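If you're wondering where the values come from, they're calculated on a predicted model, not measured in any experiment.
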Amino acid sequence: MRSPIRARRLAGTLVAGLLLGLAVAPPAAAAPTRYEAESATVSQGAVESNHSGFSGTGFVNGDNVAGSYVEFTVTAAGAGTATIAIRYANGTTDARPSDVAVNGAVVSAGRAFNGTGNWDTWATSTLTAPVKAGSNTVRITSTTAGGTPNLDYVDVEVATAGTDYQAENAAVSQGAVASNHAGYTGTGFVDYDNVVGSYVEFTVNAPTAGNYGLKFRYANGTTADRPMDIAVNGTRVSAGLSFPGTGAWTTWVEKSVNAGLVAGANKVRATATTAGGGPNLDRLSASAPSDATPPTAPANLRAVGVVKPTSVDLAWDPSTDNVGVSQYKIYNGGNVLMTVGGNVTATTLPGLTPNTRYVLSVLAYDAAGNASQGSNNVDLTTPPSDDTQPPSTPAGLRATNVAAGTVTLAWNASTDDIGVTGYNVYRDGVKFATVPDLTATADGLAPNTAYAFAVEAFDANGNLSPRSAPLTVRTTGTATGGDPVYDRDVTKLDLPWGVTFLPDGSALVAERDRFEIVRVTLAGQKTVVGKVSEAVTTSGEGGLLGLAVSPNFATDHYVYAFHTAASDNRVVRFKYENGRIGAREPLVTGIAKNKFHNGGRIKFGPDGLLYVTTGDAQDGNNAQNLNSLNGKILRLTPTGAGAPGNPFPNAPRVYTLGHRNPQGLAWDSRGRLWESEFGDATLDELNLIQPGKNYGWPNCEGRCGNSAYVDPVQQWSVAAASPSGLEIVNDWIYMAAVRGQRLWVMKITGATTDTPRAFFNGRWGRLRTVVKTPDGGLWLTSTNNDKNGGTPTVLDNAIVRLKFAGG
């Protein structure tokens, strides 16, 4: 901001950044260490308590002679610059100048300690000086016969070299470096212009990628908040961060936010969002959070009162934390719906859709970003509203791809007074698809045959629009070789998640919530061959997940699995011999788990190495932290060690980072790895994986055009996809979508794909895994009813076989 009238800035030059600051109120600092004068070494003076307002048990009244002193012993964790705030009182009208020395060297000669009005009024004089690691002395010595002022304490805050960035050395837009308000560090501070968009941009060097604590030291002498957007490498990490008044322009405090940084240079920009501009900004400090203890899980999440069509009142029991709970996040499945403060344990959740099922949970987070485990689930369905108005008729129905057995359709969005929920698509008057977006593919068609298509929109109350005018399309006589065609049902299981084929052509299938491994033949015969008894559910996405047969199975008989255990997620292996699985051998442990975002896909690549996807465990900080195995793709040897050639020497198992909940893995004909990934509330991703690259989460979701991160090749709304399994056959990509309830199909062209097309829309519900079979087809699994570790009497999820058109 423009602090009051720049023309009134104090004249004179303040030398070497040693600055005098007078404040009639006790100073506010973020986390300095306080050293009381009554505990210091005193020469020619006494500890007294006859004047009010002091800290601790008293203050030092120095004798009225030149050479009386108080010497404090202060400790620094590392060498750096110390900000030293000296609290004093001077009830006379004369200055009581004193030399301030650090480790025997005078750093401020004849420093003026001016009168404060009376002996009960305390002020603060602030300076900076270099300190060494360990013990340091700070001595305040009178230089005149008047002696020192009364000394209460010194507050010392040490900025380790390399972690502090002065605002006056940063890039400034619509602001100026000033020095007319005391108490700053360095040689000045930045005075923002009073306009929206004025900013200061720091270049912060991080030794490794990870989540860092960013602290902005500022002063705001007004009573109005001066909020700013904080962005890292072009991506906003905190919108409208509050910078409230500090009481005076000479009172400096710190504001903290956590953000993921990449290894090397990062651009951290603080931009004013109101016409008041930003506060006076002194410096930015960057440090890794030291608190590694997460809060306890919130308990007893419950709906309070009547569930309404668009809202519900929720309450839960508070979590506990060693430092303090900073915020709670309310989830629907794995997607964040709302964030509230750490002191809030009851709230109204707005913005719900009528006549819709929600599975709600809540997690607690502390200031360092550590996430608790998830609460209990609350499963509810909002009632219908009183809306009776149907959406408008969909317009612009058109064919975007026509082959011998398929027609892909697209249309323009309808409008509705409340909101369009989805579309029903018809072929010759018979509904064949229900979709959440503006495309669907009709399959199983006859060559050289005309079909009439139409589409209608519906809202959450089931109000139907009129159908569009029919569109007649004639199929071609030539099949598209990569288009999938339904062949037959294989079998039904509880919740088939991981699928891997044995050399004899049969498959091992992981039942996520039963923790069983089932052998299924190509003809559909099934046999339970064992149970991973160490696996547990998370009442969400955890359990027995990925499976992979060893490339050397003929000789070693190993099968690899990813499962949730009592304390973590882990990769294990066991032998499959004589129709039974053996004891599990843990290979990788310590992968954090949570209710959602566990990852869990494992596959051997063309290089014979094991690739593993790990979710962020509902803590986005993990994805940018190379000290965490979460939010990563791991590349391992068959014994679980980091593979040779991995890109991060200090994180030997990590292949890529910046993932939220990576799922499918598959390789193309050129040996390139592709990956599918669940987004948060906005965009899902298909990524082309490059070793050592950062895929942006939590700083990016979908394409963000930031050179620090790799943009996805394709992206979808989370309602249209929520992708899980991935397979590639002859450079055709097949991606199973859970929430979107369809199989997305696309052809690789260079480093991208053609336009994705949606097959089997809603036919089998939520699609989990797609895998190529030894007999030249695809198996596709559905996982519609999560049993959370139960053993239902009805096995109602399918494995179906697909074949290829013209094949």
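Shortest non-hydrogen contact noted between Ala623 and Trp697 is CB-O, 3.4 Å. Residues Ala617 and Asn622 come closest through the heavy atom pair CB-ND2, 4.3 Å. What you find for Gln618 and Ala371 is that their closest heavy atoms are O-CB, 3.6 Å. Annotation for Asp321 and Pro295: closest pair OD1-N, 3.3 Å, computed over non-hydrogen atoms. Annotation for Trp716 and Gln714: closest pair CH2-CB, 3.5 Å, computed over non-hydrogen atoms.
Annotation: side chain of Tyr328 is in contact with side chain of Pro298 (closest heavy-atom distance under 4.5 Å). Between Gln624 and Leu657, the closest side-chain pair of non-hydrogen atoms falls below 4.5 Å. The closest side-chain heavy-atom distance from Val257 to Phe216 is below 4.5 Å. Here the side chains of Lys595 and Gln373 are not in contact, with every heavy-atom distance at 4.5 Å or above. Using a 4.5 Å heavy-atom threshold, the side chains of Leu337 and Leu349 count as touching. Residues Thr682 and Val718 form no side-chain contact, since every pair of their non-hydrogen atoms from C-beta on lies 4.5 Å or further apart. Inter-residue side-chain proximity for Lys632 and Thr656 is flagged as unmet; no heavy-atom pair is nearer than 4.5 Å. At a threshold of 4.5 Å between non-hydrogen side-chain atoms, the residues Met228 and Pro279 count as touching.
Checked for salt-bridge contact, Arg357 and Asp379 meet the test: a charged N lies under 4.0 Å from a carboxylate O. No salt bridge links Glu254 with Arg217; every basic N to acidic carboxylate O contact stays at or beyond 4.0 Å. Ion pair Asp317/Arg302 flagged as a salt bridge, since at least one NZ, NE, NH1 or NH2 atom sits closer than 4.0 Å to an Asp/Glu carboxylate oxygen. Using a cut-off of 4.0 Å between Lys/Arg side-chain N and Asp/Glu carboxylate O, Glu157 and Arg283 are scored as salt-bridged.
A donor-acceptor pair under 3.5 Å is absent between the side-chain atoms of Ser361 and the main chain of Ser375, judged by distance alone. At distances below 3.5 Å, not a single donor-acceptor pair connects side-chain atoms of Thr250 with backbone N or O atoms of Ala182. Here the side chain of Asp437 pairs no donor or acceptor atom with the backbone of Ala720 at under 3.5 angstrom. A distance-only check finds no donor-acceptor pair linking the side chain of Glu701 to the backbone of Gly679 [under 3.5 Å].
In the model, Asp313 has a side-chain atom that pairs as donor or acceptor with a side-chain atom of Thr348 under 3.5 Å. Side-chain contact check for Asp282 and Thr185: at least one donor-acceptor pair (N or O, by modelled atom type) lies under 3.5 Å. For Asp229 and Thr273, the side-chain atoms include no donor-acceptor pair closer than 3.5 Å. Looking only at atom types and distance, the side chain of Asn280 has no donor-acceptor partner in the side chain of Tyr218 under 3.5 Å away. Side-chain contact annotation: Asn370 with Asp366, donor-acceptor N/O pair under 3.5 Å present. A donor and an acceptor atom, one from each side chain of Asn461 and Asn355, are nowhere located under 3.5 Å apart. No side-chain donor-acceptor contact under 3.5 Å links Ser372 and Ser319.
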Can Asp193 and Ser198 be said to form a side-chain hydrogen bond (donor to acceptor under 3.5 Å, both in side chains), step by step? CA-CA 6 Å; Asp193 286 354; Ser198 52; over 6 Å; no
Phe202 and Tyr165: ring-ring contact (aromatic ring centres under 6.0 Å, His included), yes or no, with the steps? CA-CA 7 Å; Phe202 302 86; Tyr165 301 87; 7.2 Å; no
Evaluate salt bridge (charged side-chain N to carboxylate O under 4.0 Å, His left out) for Asp616 paired with Arg660, printing each intermediate quantity in order. CA-CA 5 Å; Asp616 68 5; Arg660 179 180 179 269; 5.2 Å; no
Carefully, step by step, assess Glu541 and Asn594 under the rule side-chain hydrogen bond (donor to acceptor under 3.5 Å, both in side chains). CA-CA 8 Å; Glu541 293 173 345; Asn594 216 313; over 6 Å; no
Check against side-chain hydrogen bond (donor to acceptor under 3.5 Å, both in side chains), Thr538 and Lys593: CA-CA 8 Å; Thr538 65; Lys593 71 172 187 176; over 6 Å; no
Decide side-chain contact (heavy atoms from CB on, under 4.5 Å) for Ser179 and Tyr184; before the verdict, give the C-alpha distance in whole Å, the side-chain angles of both, and the deciding distance to 0.1 Å. CA-CA 8 Å; Ser179 58; Tyr184 56 82; 3.2 Å; yes
Passes side-chain hydrogen bond (donor to acceptor under 3.5 Å, both in side chains), Ser676 versus Gln663? Steps please. CA-CA 6 Å; Ser676 55; Gln663 291 287 300; over 6 Å; no
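When each of Thr353, Asp387, Val420 is tested with Asp459 by the rule side chain to side chain contact (heavy atoms under 4.5 Å, CB included), just one qualifies, namely Asp387. Screening Arg703, Gln690, Glu685 against Val710 for a side chain to side chain contact (heavy atoms under 4.5 Å, CB included) leaves a single residue, Gln690.
Note that Arg269 lies in the cation-pi zone of Tyr199, set by a 6.0 Å cut-off to the ring centre and a 45° limit from the axis.
Counting non-hydrogen atoms of neighbouring residues, nucleotides and ligands closer than 6.0 angstrom, the NZ atom of Lys693 reaches no more than 12 such neighbours.
Ring geometry for Phe189 versus His181: interplanar angle under 30°, hence parallel rather than tilted (30 to 60°). Classified by interplanar angle (parallel below 30°, tilted 30° to 60°, perpendicular above 60°), the ring pair His659/Tyr695 is parallel.
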